[in-house]
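The next block holds one structure in the form of structure tokens; read it before the comments.
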Amino acid sequence: MPDPYSSDLIVHSSQPFNAEPPLHRLRASFITRQSDFYVRSHGDIPRLDAAIHRLRVKGCVARPLDLSMRDLRERFPRRSVTAVLQCAGNRRADMHAVRPVSGDPLAAGAIGNARWHGVALADVLREAGARDDPALHVAFICRDEVDMPGEGRFRFGASIPMGKALSPEVLLAFAMNGEPLAPEHGFPLRVIVPGYAGVRSPKWLDAITVQDMPSDNHMQQRDYKLLPPGVTADTVDWAAGIPINDMPLNAATCEPAAGATVPAGRVIVKGYAIATGRTVARVDVSADSGRTWRQAELESDPAAPWSWTFWRTTLDLAAGEHELTVRAWDSAGQTQPARPDDVWNFKGYLCAAWHRVRVRVLSIS
Ligand SMILES: Nc1nc2c(c(=O)[nH]1)N[C@H]1C(S)=C(S)[C@@H](COP(=O)(O)O)O[C@H]1N2
Ligand SMILES: [Mo]
């Protein structure tokens, strides 16, 4: 099947389909086009019919619901949010370079910023009569099936705590940038949980269960947790891991590309930075691996707190090899770890070390 949406993406695997955009495409627009948006799927992409799709809401609720897509559109106020979606494995390749990790060697493209349209999850939960109790969890189950060695075949699922589920930015989304969701991004219905790792934003949503514990799905219990550096796939005790929800402060250089050759003189360097809960207050760029730094110009949208910050600066580069390095600072004055070695974990999650790009500068004589 020809797929116009995957033409420019760097494909890491075709089954399941996993792909990320080249970084210059990502930096080309503050709102990421669907065709440039990374795809992370764990199983086959379901082809669903919106006319017959239903969403059930059940569990610890006063009034269970069984909604068509039309019910969702007609019975609840429309909401939109501009938000970044980012995979917990974004920049995994940098961790892989320290010591091999499991999972696709993602560059810095497993992230995108979109305008999402749908209804507030909070409105649907209130209609179902769910209690605002911080001890509760909202679990999602999806239509795609995942094959996991040793675990067989199961449907994708995940959960978020009730406190986050009731936050107004969390949507049940049916559109992205004013277009219907593409099949690979969750058509006809997905969850969008701004600030949280992508895994907590399930696609192809089938049912919501309010319950007194997190989802028992593999994705919640035995994956997407942060483990200490000494732990391997053979020794892992998943119960001891930190579940990945909020994403750390991060920044990446998108242009020039890693390994690029550029002419000596003034070189424009551009990228993105992202903070959750706080704002990106400063971005430093270095042409000498972090010995000296200059501050980049920032471009953000104050009306879109879940969105990313773009940055750019101009460096004067002499001929030779240079390692361009970037790090962000947040509004609490915190910054990123210097080396991926300091945050290495066997799944390669949350790589937020200073991002380094080696370039070759040629003299123009
Ligand atoms: N049903 C379902 N939802 C899912 C996934 C999946 O495999 N199946 N992958 C998750 C992960 S790990 C990420 S990072 C995001 C990616 O969303 P995207 O493909 O629209 O960019 O979807 C999440 N939701
Ligand atoms: Mo992910």
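For reference, positions follow the sequence shown, starting with 1. Start at 1 and go down the list; that is how both ligands and their atoms are numbered.
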Open item on the list: Check Asp316 with Arg266, please: is the shortest side-chain N to carboxylate O separation under 4.0 Å?
Closed with: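 Looking at Arg266 and Asp316, the cut-off is not met.
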Open item on the list: Salt bridge check, Arg25 against Glu20: does any charged N sit closer than 4.0 Å to a carboxylate O?
Closed with: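 Judged by the 4.0 Å cut-off on N to carboxylate O distance, Glu20 and Arg25 do not form a salt bridge.
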Open item on the list: For ligand 1, which is the ligand I care about here, please tell me if Tyr224 has any N or O atom under 3.5 Å from one of the ligand's N or O atoms.
Closed with: no
Open item on the list: Polar contacts were defined as any N/O atom of the residue lying under 3.5 Å from an N/O atom of the ligand; does this apply to His42 and ligand 1?
Closed with: yes
Open item on the list: Any side-chain to backbone donor/acceptor pair from Trp354 onto Gln336? Under 3.5 Å, distance only.
Closed with: yes
TODO: Would you mind finding which of Glu184, Arg200, Glu20, Lys203 brings a heavy atom closest to atom 19 (O) of ligand 1?
DONE: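 When every heavy atom of Glu184, Arg200, Glu20, Lys203 is considered, Lys203 comes closest to atom 19 (O) of ligand 1.
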- [ ] Report, as yes or no, whether the 6.0 Å neighbourhood of atom CZ on Arg70 holds more than 12 heavy atoms from other residues, nucleotides or ligands.
- [x] no
TODO: Tell me, please, whether Trp204 has Arg143 positioned over its six-membered ring: NZ or CZ under 6.0 Å from the ring centre and within 45 degrees of its axis?
DONE: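 Cation-pi check for Arg143 and Trp204: fails.
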Open item on the list: Can you tell me how the ring of His42 sits relative to the ring of Tyr224, calling it parallel under 30°, perpendicular over 60° and tilted otherwise?
Closed with: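 It falls in the perpendicular class, over 60°.
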Open item on the list: Below 30° counts as parallel, above 60° as perpendicular, anything between as tilted: where do the rings of Phe310 and Phe30 land?
Closed with: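 Perpendicular, since the angle between the ring planes exceeds 60°.
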Protein contact to [atom] [nearest heavy atom, distance to 0.1 Å]:
{"atom": "atom 9 (N) of ligand 1", "value": "Arg40 O, 3.3 Å"}
{"atom": "atom 21 (O) of ligand 1", "value": "Tyr38 O, 2.7 Å"}
{"atom": "atom 24 (N) of ligand 1", "value": "Ser201 O, 3.1 Å"}
{"atom": "atom 8 (N) of ligand 1", "value": "Asp144 OD2, 2.7 Å"}
{"atom": "atom 15 (C) of ligand 1", "value": "Gly198 O, 3.6 Å"}

Atoms of ligand 1, numbered as shown, that sit under 4.0 Å from any heavy atom of [X]:
{"X": "His185", "answer": "18 (P), 19 (O), 20 (O), 21 (O)"}
{"X": "Cys142", "answer": "1 (N)"}
{"X": "Leu85", "answer": "17 (O), 21 (O)"}
{"X": "Val39", "answer": "19 (O)"}
{"X": "Phe37", "answer": "21 (O)"}
{"X": "Ser41", "answer": "7 (O)"}
{"X": "Val199", "answer": "10 (C), 11 (C), 12 (S), 13 (C)"}

Open item on the list: Taking only non-hydrogen atoms of Arg190, do any sit less than 4.0 angstrom from ligand 1?
Closed with: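 Contact present.
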- [ ] Could you tell me whether the side chains of Asn18 and Arg40 share a donor-acceptor contact shorter than 3.5 Å?
- [x]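 Yes, a side-chain donor-acceptor pair sits under 3.5 Å.
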Open item on the list: Under a plain distance cut-off of 3.5 Å, with no hydrogens placed, do Thr32 and Asn113 share a side-chain donor-acceptor pair?
Closed with: no
Open item on the list: Below 4.0 Å, non-hydrogen atoms only: which portion of Val146 touches ligand 1? Side chain, backbone, both or neither.
Closed with: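 Contact part for Val146 vs ligand 1: neither.
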- [ ] Please work out whether any backbone atom (N, CA, C, O) or any side-chain heavy atom from C-beta onward of Cys87 is under 4.0 Å from ligand 1, and answer side chain, backbone, both or neither.
- [x]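 Answer for Cys87: both.
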TODO: Indicate if Trp344 and Leu350 have the same hydrophobic cluster label, given that clusters are the connected sets of ILVMFWY residues with side-chain heavy-atom separations under 4.5 angstrom.
DONE: no
TODO: Applying side-chain contact (heavy atoms from CB on, under 4.5 Å) between Tyr349 and each of Arg92, Lys225, Met95, report the one that passes.
DONE: Arg92
